[in-house]
Each structure stands twice: as C-alpha cells, then as structure tokens.
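Take a look at the structure set out below.
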Amino acid sequence: MLTLNYIKDNKEAIVKGLKTRNFSDEAIQVIDQIAELDVKRKSNQASLDACLAEVNLISKEIGKLYQSGQANEAEAAKAKVATIKQRSKVLDEEQQSIASQLDELLLSIPNVPHPSVPAGNTDEDNVVVTPWTSEVMPLDGGLPHWELAKKYNLIDFEAGVKITGSGFPLFRGKGARLERALINFFLDEATAAGYEEIIPPLLVNADSARATGQLPDKEGQMYYAEKDDLYLIPTAEVPVTNIYRDVILKESDMPIKLTGYTPCFRREAGSYGADVKGLNRVHQFDKVEIVQISHPDKSYQVLDDMVEHVKGLLAKLELPYRILRLCGGDLGFTSALTFDFEVYSAAQDRWLEVSSVSNFETYQANRLKLRYRDADGKKHLAHTLNGSALALARIVAAILENNQVEDGIKMPKALVPYTRFELIN
RNA sequence: GGAGGAGUGGCAGAGCGGUUGAAUGCACCGGUCUUGAAAACCGGCAUACCGCAAGGUAUCGGGGGUUCGAAUCCCUCCUCCUCCGCCA
C-alpha cells in the first residue's frame, strides 16, 4: 500500500493515477477521507498520549509514596488515576477504530501507475511494444496442444480429473520430461544471469499473503487450508519476496536477485470454454519466478533487465512472442508498470500470456516493511520487482503447437540437452 | 501426538512488580593518543508514531488480562530446545 506521507504529499499524482485506472470520482474521494482521518488520528493520539503520560507520572509518585510510608496520599492518587483511565479508555477505543478505518482505506488504494502506463479499460487497450519477434514462423494451423497431448500420450487430463478435478493436468512420459526440462532450463538461465535459486515453502501464512498483496483483495484466488490457517501459494513471488519482510538492508546489499521454481495454485473460479481448454488455464501449473529487490533509483533499469531476460528465454525457445505494456485498466492492483509477454499459438490462432514482469516500486515494500539504510543512516523503502521466467503450462502448449513437423514435434535446440530427445513421436 | 525447558537490543547475556527502554560484554560508528595501526581511554549506538523543539507515547516472541504501576504475575497462541511416541 501507499504510505500516508506519500498520499499527503502527492495528492495530484495519485488522483491522476487513479483516473488512469478508471476509478470513479467518488472512489477518488478516499484521498480526502484519508487526509481527514489522519488529522483525527494525530489529535486523538496526542490526547491519548497526554493521558497516559499523566498516569505514568502519577504511578511513579505512588511508588515513592508507598516507599516513604504515605499510604493515604497514595490511595488518593490511585483514585485520581482511575478517572484519567476512564478517559484514556475512551480515547484508546476511538484510536483503534480510527486506525482500522484508515487501514481499510489505505488498502483500497492501488499503486500509482507509472507515467508511461497507457489509459484504457481492458486488455484490448494494452499497447504492443514489441510487435513480433521470431526467427521461425510457425506453421499454419496444426493440432491444438490438447490433441497433440493425447496423440503422443504427453498429458492425461482425464486422469487429473479423476484424481483431483478439472484443471489439474497429469503429465506423463515425454510430456513430464518436457515439463522438467523446461524447469531446469529456466532455473539454469536465471542462475547464469545472477539470480540465487530458492526452494520456498508452498504454503504461506496470512501475514505473508498480506505483505505481497494477495490479501485482502485476492483472497478468493487462493486455496486455503482452514485447519492450519495457511494458503497455497498462487506464485513463488509470495514466499520468495517475504524472505525480506521486516528487513532493513544495507544499501550495498542491493540489488537482490532471486529465482525459484514452484508449482502455483489458483482457484480461478468462473470462466469456462475455449479459454480454459487444455493447458490454457489450470488450477495447478509450474512456474519459475524471478524477483529483484532494488534501490529506488535503479528499479526501472532493473525492470528493463528483467524484460531482456525473459526475451532471451523466448528467443532460445524459438517461440514467436510480443510484449505488451499493460493499460491502466488491466494493470495489477499492486503494480506501477507491467509488461506482459504473449506467445503466439498458431493452432489456436491466439496469443497466450506466458510472463508478466512488474515493478511495484515501494507499494509491496511498504506492506513488507522492507527498507534499506542509506549512507547517512536514514531508512527508505526499497523497490520490489518480479516476473515469470517463465510460466510453464502455456509454454508447453506453445512449444507443442508451434513445432509440429511431419513426423512429430521437434524440440527447440536449446532444450535438447535438457529433454535428451529431439523429437516427440 | 505426550512430558519438560526456554523466548530480552546486531549478537551474547543480566533483570523476575516501582525512578529499567532495559546492567554488562562483544560488534559497530565518532573522538583522544600515535608517523600510521593496534591497545588504552572518552563519547555514541533499537523501532514506530506525535512534536519546530524540549519532550511525550508504544514496543522485552504475538494477543488478552490482573495492578495505581508489568520485561517481571495470570491466560492463550506461536516459535525454538530436550526426552518419548509416530513417520517419508
């Protein structure tokens, strides 16, 4: 969330940002409500502090009175404290109510979009920044991946349905091998680019989910283990970024570069039909995530680096892709600027989102309480960024569909050392 | 799962109802001394909020309670350690 000070000092910028996100004028009034509540909060806190100070002072006197045997005077002082405490109790309740109202309002404000974020309502309005990049042109048509999966016995969707339910694919044989090859390939590439590999827990507590912004606004997206009050991670971003929750870094610690492979779990209630066919949208998928914690001055350079990294992966996989700059309406709640990567699927004649690379600036860091100390010893919020490098299920779909040759499916060269086979047939 | 023990500042570690936001040591920063360094000595050194400041308030694993007053007593949750049980 945004900090109170930022909101007070940058009202214009926030209002403009909320408009980019298509917030209504009524919704934008929260900014003023927050400012008013904050004034109330300060004056109430001052009164409360004064009360408590008085109680503390008298209590010390009572101690001295008892020690010097002046019990009567002490009793009188106690009575005085009792009246003050009645007042302080009221003030305290008031303060707690103000704090929770303020918190609720603060949580309702999304991140301020970067100036380069285009206006727009839906994914139709996203701006294509890299139109088409591929050395190989895909075949026209061909079979969609769910048919290829069946033909070559790579993915058994029915078995997944029986074992768990719809949206839980079961990979087998060369399909499983391809999945594992991709995971290893992505991790090796990230490691070569200087990212430290992490294997995090797959369940997280509410504090962690809140810190990266999944709670409260995306609660319904996560699987929840009620008995233990834990959430299945929707992305490695959650556990990996939370490593640095409540941490004060040295300036020289940054940038911190982390990568992690995890399965990702998403409830994704709602949509049915062609959009969710096969691997297009599943409840469990594998993903290699890259995360960076950056100095605020460098974060946009870091974002560019991460975009370049993802470009490199897609180039090595010889997949045709385009990059989109997300418009205000499609931008994630916590993000300031996001680039989506989409891979073209000839068989389905559509673009599949395979990566999303974002700069959250201080928005996550504020919830995380992730700060660094500058040369003068002053503390500032760091910037956090992350991106998929890459999301597996759809990449598998794209590789299968785009590499159909007469006698099977040809693996991209870069992947062969990992798959140890060149052809699926 | 059962039985015990423990959680205090960056680390180690005292305090176990009153002037303790917290002794002491180490680490760290500044200074004196020195040609320089070490040693020695002097000073500084938690976080958040409010305040121009002086200063005030809160925080001794989290939450709640008792009390005029809680790091200290009670309840509860969490974490760690030891032993037993179970187990990939």
Side-chain angles (χ1 to χ4, degrees), chain A residues 1-9 34-107 199-211 215 224-231 239 242-254 256 263 362 365-382:
Chain A
M1 63 190 160
L2 300 172
T3 64
L4 259 177
N5 284 336
Y6 181 85
I7 291 170
K8 280 186 283 184
D9 298 341
I34 286 173
E36 281 166 35
L37 259 179
D38 189 46
V39 170
K40 237 169 111 182
R41 180 193 126 249
K42 280 186 190 175
S43 72
N44 198 67
Q45 181 74 55
S47 313
L48 176 61
D49 283 359
C51 266
L52 293 174
E54 213 177 332
V55 170
N56 285 343
L57 194 72
I58 296 173
S59 293
K60 277 180 189 170
E61 280 165 9
I62 290 173
K64 284 180 195 159
L65 289 171
Y66 274 122
Q67 275 165 10
S68 60
Q70 297 167 272
N72 289 340
E73 286 81 346
E75 290 302 324
K78 275 193 200 179
K80 201 170 152 195
V81 168
T83 22
I84 302 170
K85 285 195 87 174
Q86 274 176 12
R87 192 150 49 95
S88 81
K89 200 181 165 199
V90 174
L91 288 167
D92 187 54
E93 278 162 9
E94 175 78 10
Q95 193 64 7
Q96 279 181 33
S97 136
I98 293 172
S100 67
Q101 285 174 54
L102 201 49
D103 208 43
E104 198 178 312
L105 291 181
L106 285 172
L107 286 172
I199 300 180
L202 304 181
L203 287 106
V204 295
N205 57 33
D207 282 345
S208 293
R210 200 173 297 116
L215 291 179
Y224 175 56
E226 192 173 6
K227 214 163 182 178
D228 298 291
D229 194 21
L230 296 171
Y231 298 85
N242 268 281
I243 296 171
Y244 289 94
R245 170 150 54 88
D246 294 319
V247 167
I248 300 175
L249 298 165
K250 290 191 291 244
E251 208 163 7
S252 59
D253 292 337
M254 295 178 288
I256 291 172
T362 59
N366 186 38
R367 286 203 204 174
L368 285 159
K369 294 200 176 59
L370 164 54
R371 291 161 293 173
Y372 69 92
R373 220 181 277 277
D374 67 17
D376 299 326
K378 286 190 73 178
K379 287 177 289 295
H380 309 273
L381 291 169

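Keep in mind that the numbers below use all heavy atoms, side chains included, and drop hydrogens, waters and symmetry copies. Chain naming here is simple, since letters A, B, ... match the order of the sequence lines and numbering starts at 1 in each. This one's a predicted model, so the numbers in the text were calculated from it and none came from an experiment.
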Pairing residues for A:Tyr244 by the ring-ring contact (aromatic ring centres under 6.0 Å, His included) criterion, not counting sequence neighbours | none
Between A:Asn56 and B:G56, is there a side-chain N or O to OP1/OP2 distance below 4.0 Å?
-> no
Flag, side chain of A:Asn242 to backbone of A:Ser208, donor-acceptor distance under 3.5 Å = yes
Distances for protein N/O vs nucleotides 74-76 of chain B N/O pairs under 3.5 angstrom?
none

Starting from P on B:C78, measure out to CG on A:Asp228 and report it in whole angstrom.
-> 10 Å
All side chain to side chain contact (heavy atoms under 4.5 Å, CB included) counterparts of A:Ile84, not counting sequence neighbours | A:Cys51, A:Glu54, A:Val55, A:Ile58, A:Arg87
Expressed in whole Å, how much space separates the P atoms belonging to B:A6 and B:G61?
-> 13 Å
Expressed as a whole number of Å, how far does the P atom of B:G65 sit from that of B:A12?
-> 32 Å
What pairs with A:Tyr224 under ring-ring contact (aromatic ring centres under 6.0 Å, His included), at least two apart in sequence or on another chain?
-> A:Tyr231
Give a yes or no on whether the backbone of A:Lys250 and the side-chain of A:Asp253 come within a donor-acceptor separation of less than 3.5 Å.
-> yes
A:Arg210: salt bridge (Lys or Arg N to Asp or Glu O under 4.0 Å) partners, not counting sequence neighbours = A:Asp207
Mate of B:A6 across any strand shown (Watson-Crick or G-U wobble, both atom pairs under 3.5 Å) is B:U79
Expressed in whole Å, how much space separates the C1' atoms belonging to B:G44 and B:U34?
-> 23 Å
With C1' as the reference atom in both, quote the distance from B:C45 to B:C29 in angstrom, rounded to an integer.
-> 7 Å
When you measure from the side chain of A:Asn366 to the backbone N and O of A:Met1, does any donor-acceptor pair fall under 3.5 Å?
-> yes
Interface residues of residues 77-95 of chain A with RNA chain B (non-hydrogen, below 4.0 angstrom) = A:Lys78, A:Val81, A:Lys85
Sugar-phosphate or base contact per nucleotide [nucleotides 47-54 of chain B; S, B, -; heavy atom under 4.0 Å] | SSSSS---
Can you tell me how far the CG atom of A:Leu4 sits from the NZ atom of A:Lys42, to the nearest 0.5 Å?
-> 8.5 Å
Is any side-chain heavy atom of A:Asn5 closer than 4.5 Å to a side-chain heavy atom of A:Ile7?
-> no
Could you tell me which residues satisfy side chain to side chain contact (heavy atoms under 4.5 Å, CB included) with A:Glu73, sequence neighbours excluded, listed by chain and number?
-> A:Leu65, A:Gln70
Using the C1' atom as the reference point in each nucleotide, state the distance between B:G64 and B:G13 in Å, no decimals.
-> 29 Å
For B:G25, what is the paired nucleotide under Watson-Crick or G-U wobble rules, both distances under 3.5 Å?
-> B:C11
Who pairs with B:C16 - Watson-Crick or G-U, where each distance is under 3.5 Å | none
Quick one: which protein N/O atoms are closer than 3.5 Å to N/O atoms of nucleotides 16-22 of chain B? Pair and distance per line, please.
{"residue": "B:G18", "atom": "N2", "partner": "A:Ser59", "partner atom": "O", "Å": "2.7"}
{"residue": "B:U19", "atom": "O4", "partner": "A:Gln67", "partner atom": "OE1", "Å": "3.0"}

side-chain hydrogen bond (donor to acceptor under 3.5 Å, both in side chains) filter on A:Asp9, not counting sequence neighbours, yields none
Output yes when a side-chain donor or acceptor of A:Thr3 lies under 3.5 Å from a complementary backbone atom of A:Tyr6, and no otherwise.
-> yes
Tell me the partner of B:A46, counting only Watson-Crick (N1-N3 plus N6-O4 or O6-N4) or G-U wobble (N1-O2 and O6-N3) with both under 3.5 Å; none if nothing fits.
-> B:U59
Under 3.5 Å side-chain donor-acceptor pair for A:Gln96 and A:Ser100 | no
Side-chain contact, heavy-atom cut-off 4.5 Å: A:Thr362 with A:His380?
-> no
Write down the protein N/O and nucleotide N/O pairs, taken from nucleotides 59-64 of chain B, whose separation is under 3.5 Å; answer none if there are no such pairs.
none

Is there a side-chain polar atom (N or O) of A:Asn205 under 4.0 Å from OP1 or OP2 of B:C78?
-> no
Do A:Asn44 and A:Glu94 meet the criterion of a side-chain donor-acceptor pair at a distance under 3.5 Å?
-> no
Which residues share a salt bridge (Lys or Arg N to Asp or Glu O under 4.0 Å) with A:Lys78, sequence neighbours left out | A:Glu75
